[in-house]
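Below is one structure; the comments refer to it alone.
Atoms within each ligand, like the ligands themselves, are counted from 1 in listed order. If you're wondering where the values come from, they're calculated on a predicted model, not measured in any experiment.
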Amino acid sequence: MKRTRESTRSPYSRLPAALALATTVTLACGTVSAAASQPSAPQAEDHGADKTASALSDVIPAPTSVEPERGAKFRVKWNTGIHAPRGNAEADRVARYLQQQLRPSTGYGLLINRGSPGRGDMVLSLDGSEQRLGDSGYRMDVDKERLTIHATTSEGLFHGVQTLRQLLPAEAESGSPRHGPWKVPAGEIVDKPRFEHRSAMLDVARHFFEVEQVKSYIDQIAQYKINYLHLHLTDDQGWRIQIDDWPKLTTHGGSTEVGGGDGGYYTKREYAEIVDYASTRNITIVPEIDLPGHTNAALSSYAELNCDGQAPPLYTGIEVGFSSLCVDKEVTYRFVDDVIREVAAMTPGRYLHIGGDEADSTTEEGYRHFMSRVLPIVEKYGKTPLGWHEYAKAEPSSDAMVQYWGTSNSNEEVSKAAERGNEILLSPANRSYLDQKYNEETELGLDWAGPTTVRESYDWRPGSHMNSVPEEAIAGVEAPLWSETLTTSNEIEFMAFPRLPAIAELGWSPQSKHDWSSFRERLAGQAASWQEQGIDFYRSEQIPWPED
Ligand code: NGO
């Protein structure tokens, strides 16, 4: 990440010096304003060598179908416009997003027009001709004259724009003026997701991350067509979301983190800012309030929530399973009702995650009783429950979603839940947990389910991963990033890249495109773009990275 605290203990290399220098270069004709509102002068055009590294198929996640054409490439030029359909605010937003992405590096105005598309324009089209693509798919047509992204919704357009970003030279991702030419290979891409639910998770409870850090992660995951960000907002070490009816949750319960740092929390305004920002990146936030275990921060804030009426001290270690709300006290359900009501009111998305994992200090009977009271509360406030797979034993109603986080390929409760009609979200810890070390030498991360190499995170099949859970029951995949050992954005990036794109591909691309040897090549092709974006990543030996 470019703008946040630097890690002092990360074992990975920084940007190569040459690259860091290159980001300060200005164009030969002088500095081009990144905020240009008029097309730049023609002399800003760069007629240098064609740096387009990519072929039309060099995209992650792998598109459903790619048909390259031999013809001349499309070229973004000083007078290229972005054509958006008239009278569609959402499509306009995507057009502005594309403009903002490419202005700083190209220095071009990339003006938005809503009349008839001009020659040489980038066209965003919602012409309704692509019903087969569903709400999320797109078709991209590229020839010398024009680049068109067709979709049925702005979501599809947004996905097409992510593909376009990967097809341009990596320098297009720079935050400062760079030399073109800005070419895109000719041909056609037809693309739509395999699974509806493609999620990342960030644990802001073990270590707190500021709003800007969360936004930065949102930007990073959106480029791989992730459409949900699950925020793990509460745990033993911290309560991170303002609840008006129970203010000490944050003033006391949010005041520390693992290792004893200052912690922090999101005010409702800040949280709304995250939700809104995510929505402009086609990402829905799924808030998690982990219950009834993982609640020491709440128990420490309010003595009455404890069975013995004694508030425990705040906790800054990394053990799990020792805390539980008092399932026999009525105040517990008033508390949960208030919290869920307030969190539901802050959540435009469908799902509210109620945790349910590792409730080792709650009896089996107490757990079922607790869930039987809490699940209807979630529904009362208009949300669909989502929970870690342990909560399946409480038999949530059939529209609830169950998140599998185990390391084996079978789980009876999960199979039964699928039979009852629950959708299953897959985040197998030994495959998709981004907090697991890459190998024994990795300084950051945990290793209870790993270590997990890039190949291991890619080489599994979501459709048949769980015995007796058919593909039809799989909602999608999630890549959780727990933060016991992570304190900076650089560290988040180092654990997420390159494994997050692996999970993103499993969620988006058809099984027929699942191919490790192709994936590792395409992943290597992303490195230059990550460097331009300031993303720190792990240089796994399994990937043929280009030489610096
Ligand atoms: C487990 C545990 C979390 C840990 C994580 C670390 C789940 C669902 N509960 O996953 O509390 O942070 O592992 O990898």
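- Cation-pi contact between Arg373 and Tyr333: present, with separation from the ring centre below 6.0 Å and deviation from the ring axis of at most 45°.
- The single protein non-hydrogen atom nearest to atom 10 (O) of ligand 1 is Tyr433 OH, 2.8 Å, given as residue, atom name and distance.
- Comment: Glu304 does not engage Lys329 in a salt bridge, judged by the lack of any side-chain N to carboxylate O separation of less than 4.0 angstrom.
- Of the protein's non-hydrogen atoms, the one nearest atom 2 (C) of ligand 1 is Glu358 OE1, 3.1 Å.
- Nearest protein heavy-atom neighbour of atom 12 (O) of ligand 1: Glu484 OE2, 2.6 Å.
- Both the sub-6.0 Å distance and the 45° axial angle are satisfied by Lys248 relative to the ring of Tyr302.
- For the side-chain hydrogen bond (donor to acceptor under 3.5 Å, both in side chains) test with Gln223, the passing option among Gln533, Gln162, Gln526 is Gln533; the others fail.
- In terms of polar-atom proximity, Asp435 is counted as a contact of ligand 1, with an N or O under 3.5 Å from an N or O of the ligand.
- For atom 11 (O) of ligand 1, the nearest protein heavy atom (residue, atom name, distance) is Arg206 NH2, 2.8 Å.
- Using a 4.0 Å cut-off between heavy atoms, Leu446 contacts ligand 1 through its side chain alone, with no backbone atom that close.
- The cationic group of Arg281 lies under 6.0 Å from the six-membered ring centre of Tyr277 and within 45° of the ring axis, placing it in a cation-pi geometry.
- For the pair Arg499 and Tyr438, the cation-pi test (distance below 6.0 Å, angle within 45°) is passed.
- Note on ring orientation: taking the six-membered ring where Trp is involved, the planes of Trp460 and His465 are perpendicular (angle over 60°, cut-offs 30° and 60°).
- Residue Gln436 has at least one heavy-atom neighbour below 4.0 Å for each of these atoms of ligand 1: 14 (O).
- Residue contact annotation: His294 has a non-hydrogen atom under 4.0 Å from ligand 1.
- The nearest heavy-atom contact from the protein to atom 1 (C) of ligand 1 is Trp405 CZ3, 3.5 Å.
- In this structure, atom 9 (N) of ligand 1 lies nearest to the protein heavy atom Asp357 OD2, 2.8 Å.
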